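The block underneath contains the structure these notes are about, expressed in structure tokens.
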Amino acid sequence: MKVTPSVTRATVPADALVSIRQLNACRILVINSKGGAGKTTVATNLAAWLAARGEQTTLIDSDPQASAQQWVKSRNSTLPNVYGVHLDSTAKTTRSFQWRAPRSTRWLITDSRPGLSGADLNDMVADHDLLVIPVLASDIDIRASARFIGELLLTPIMRHSRRPVVVVANRVKRQTKAWERLQKFLISLNIPFPATLRDTQNYVTAFVEGKGIGDFPAHKTHRRDQEDWKMLLEWLEGESVAVKSSVK
Ligand SMILES: Nc1ncnc2c1ncn2[C@@H]1O[C@H](COP(=O)(O)OP(=O)(O)OP(=O)(O)O)[C@@H](O)[C@H]1O
Ligand SMILES: [Mg+2]
């Protein structure tokens with residue numbers, strides 16, 4: 001099936017679109033088969049943080065719900081540019097090697113759809129360098145995410161060539177049993193969780209405005225949430241150096 005990316009951003013880089021396999025970029029897949037875990041929230045925030053570094057950032061919306069596409073459309077042109085690609089496909093499966101992004105892309109972030117498994121999951125992982133898994137701190141989500149992480153680690157591509165994985169603990173209410181259980185679960189899997197995001201309307205309003213939490217002035221309202229991303233951004237920076245120095 002031919003997947004035609006439609007550009008959702010008016011600001012188009014001057015360079016050509018190439019297969020994401022040909023990019024000299026760090027390709028980050030934000031994924032969890034569980035719906036509503038925070039994939040789009042994490043993907044859009046990461047895109048905003050990375051674009052703010054002044055490096056070409058591309059956000060691929062691979063979900064037919066097109067929430068990330070909507071975020072790119074709402075993003076004001078005065079903010080650091082995020083180049084949006086929406087996969088214009090009605091079919092359930094899309095082959096990620098067919099996806100295209102500007103050649104100058106340095107950071108590629110893919111917002112995945114819920115429910116990915118089997119060969120589709122394997123293909124997606126194969127075309128990315130780092131995996132970021134948002135998990136909600138609730139018992140239902142921990143159980144569903146445990147199943148998903150189990151499947152992910154057993155995919156042929158992960159067994160053959162394991163990609164670094166981190167979890168973003170999302171909508172965390174500290175001092176709760178669910179948060180304790182999520183931490184125990186992640187420690188037992190030996191998966192780092194460098195970001196813990198609290199449950200706050202700040203993320204909801206940022207999304208509506210086409211912003212990431214890092215696009216706001218570091219006033220009282222957002223400073224605390226901005227701090228929550230620091231370790232994850234440092235982790236990405238460190239891993240991206242390893243990705244860029246390895247032969248693609
Ligand atoms: N930390 C947070 N605090 C408050 N609300 C949040 C937070 N993270 C996400 N949300 C809200 O939860 C809902 C689901 O989040 P999001 O759309 O990012 O999840 P998703 O994994 O992309 O969902 P889907 O599987 O449907 O694509 C959204 O309304 C979002 O605004
Ligand atoms: Mg989503």
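Counting convention: from 1, in listed order, for ligands and their atoms alike. All values reported here derive from a predicted model rather than from experimental measurement.
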Mark the output for Ser67 as yes if a heavy-atom distance to ligand 1 is under 4.0 Å, and as no if none is. no
Of the choices Ile31, Thr41, Asp225, Asp111, which has the non-hydrogen atom that lies closest to atom 16 (P) of ligand 1? Thr41
Distance under 4.0 Å to a non-hydrogen atom of Gly35: what atoms of ligand 1 satisfy this? 25 (O)
On a heavy-atom basis, the closest approach of Gln70 and Phe207 is NE2-CE2, 4.1 Å
Test of understanding: given a 4.0 Å heavy-atom threshold, classify the contact between Asn170 and ligand 1 as side chain, backbone, both, or neither. side chain
Check whether any N or O atom of Arg198, backbone or side chain, sits under 3.5 Å from an N or O atom of ligand 1, and answer yes or no. yes
Taking the six-membered ring for Trp, are Phe193 and Trp179 parallel (under 30°), tilted (30 to 60°) or perpendicular (over 60°)? perpendicular
Is it true that a side-chain atom of Asp215 and a backbone atom of Gly212 form a donor plus acceptor pair closer than 3.5 Å? yes
Could you verify whether a donor N or O on one side chain and an acceptor N or O on the other, from Asn170 and Thr41, lie under 3.5 Å apart? no
Check the side chains of Ser104 and Asp15 for a donor-acceptor pair under 3.5 angstrom, ignoring hydrogens and angles. yes
Mind checking whether the Mg ion (ligand 2) has an N, O or S of Thr40 under 2.8 Å? yes
Heteroatom proximity flag, Arg171 to ligand 1, N/O under 3.5 Å: yes
Flag, side chain of Arg181 to backbone of Ile142, donor-acceptor distance under 3.5 Å: no
For Asp199, counting its heavy atoms only, list the atoms of ligand 1 lying under 4.0 Å from any of them. 3 (N), 4 (C)
Below 3.5 Å, N or O to N or O, backbone or side chain included: is there any such pair between Ala37 and ligand 1? yes
Identify, by atom number and element, the atoms of ligand 1 in contact range of Pro114, meaning under 4.0 Å from any of its heavy atoms. 25 (O), 27 (O)
Taking all non-hydrogen atoms of both residues, which atom of Leu17 and which atom of Arg100 are closest, and how far apart? O-NH2, 3.0 Å
Go through the side-chain N and O atoms of Arg147 and Ser145 and say whether any donor and acceptor fall under 3.5 Å apart. no
Could an N or O of ligand 1 be found under 3.5 Å from any N or O of Gly38, whether backbone or side chain? yes
Report the nearest protein non-hydrogen atom to atom 20 (P) of ligand 1: residue, atom name, distance rounded to 0.1 Å. Lys39 N, 3.4 Å
Going by atom types only, do Glu55 and Trp107 share a side-chain donor-acceptor pair under 3.5 Å? yes
Flag atom 11 (C) of ligand 1 as yes if some protein heavy-atom distance to it falls below 4.0 Å, otherwise no. yes
Are the side chain of Arg106 and the backbone of Asn24 linked by a donor-acceptor contact shorter than 3.5 Å? yes
Sub-4.0 Å atoms of ligand 1 with respect to non-hydrogen atoms of Val204: 5 (N), 31 (O)
Please work out whether any backbone atom (N, CA, C, O) or any side-chain heavy atom from C-beta onward of Asp63 is under 4.0 Å from ligand 1, and answer side chain, backbone, both or neither. side chain
Taking only non-hydrogen atoms of Tyr203, do any sit less than 4.0 angstrom from ligand 1? yes
Within less than 4.0 angstrom of ligand 1, does Arg113 place any heavy atom? no
Atom 3 (N) of ligand 1 - nearest protein heavy atom and its distance: Thr200 N, 3.0 Å
Quick one about Thr58 and Thr105 (side-chain donor to acceptor, distance below 3.5 Å, no hydrogens or angles considered), yes or no? yes
So, is Gln65 polar-close to ligand 1, with some N/O to N/O distance under 3.5 Å? yes
Does Gly36 reach ligand 1 with a nitrogen or oxygen that is under 3.5 Å from one of the ligand's nitrogen or oxygen atoms? yes
Return the orientation label for the Trp99 and His128 ring planes: parallel under 30°, perpendicular over 60°, tilted otherwise. perpendicular
Cluster check Leu130, Leu233: I/L/V/M/F/W/Y, side chain < 4.5 angstrom: yes
Suppose we measure from atom 17 (O) of ligand 1 to each protein heavy atom; which comes out shortest, and what is that distance? Thr40 CB, 4.0 Å
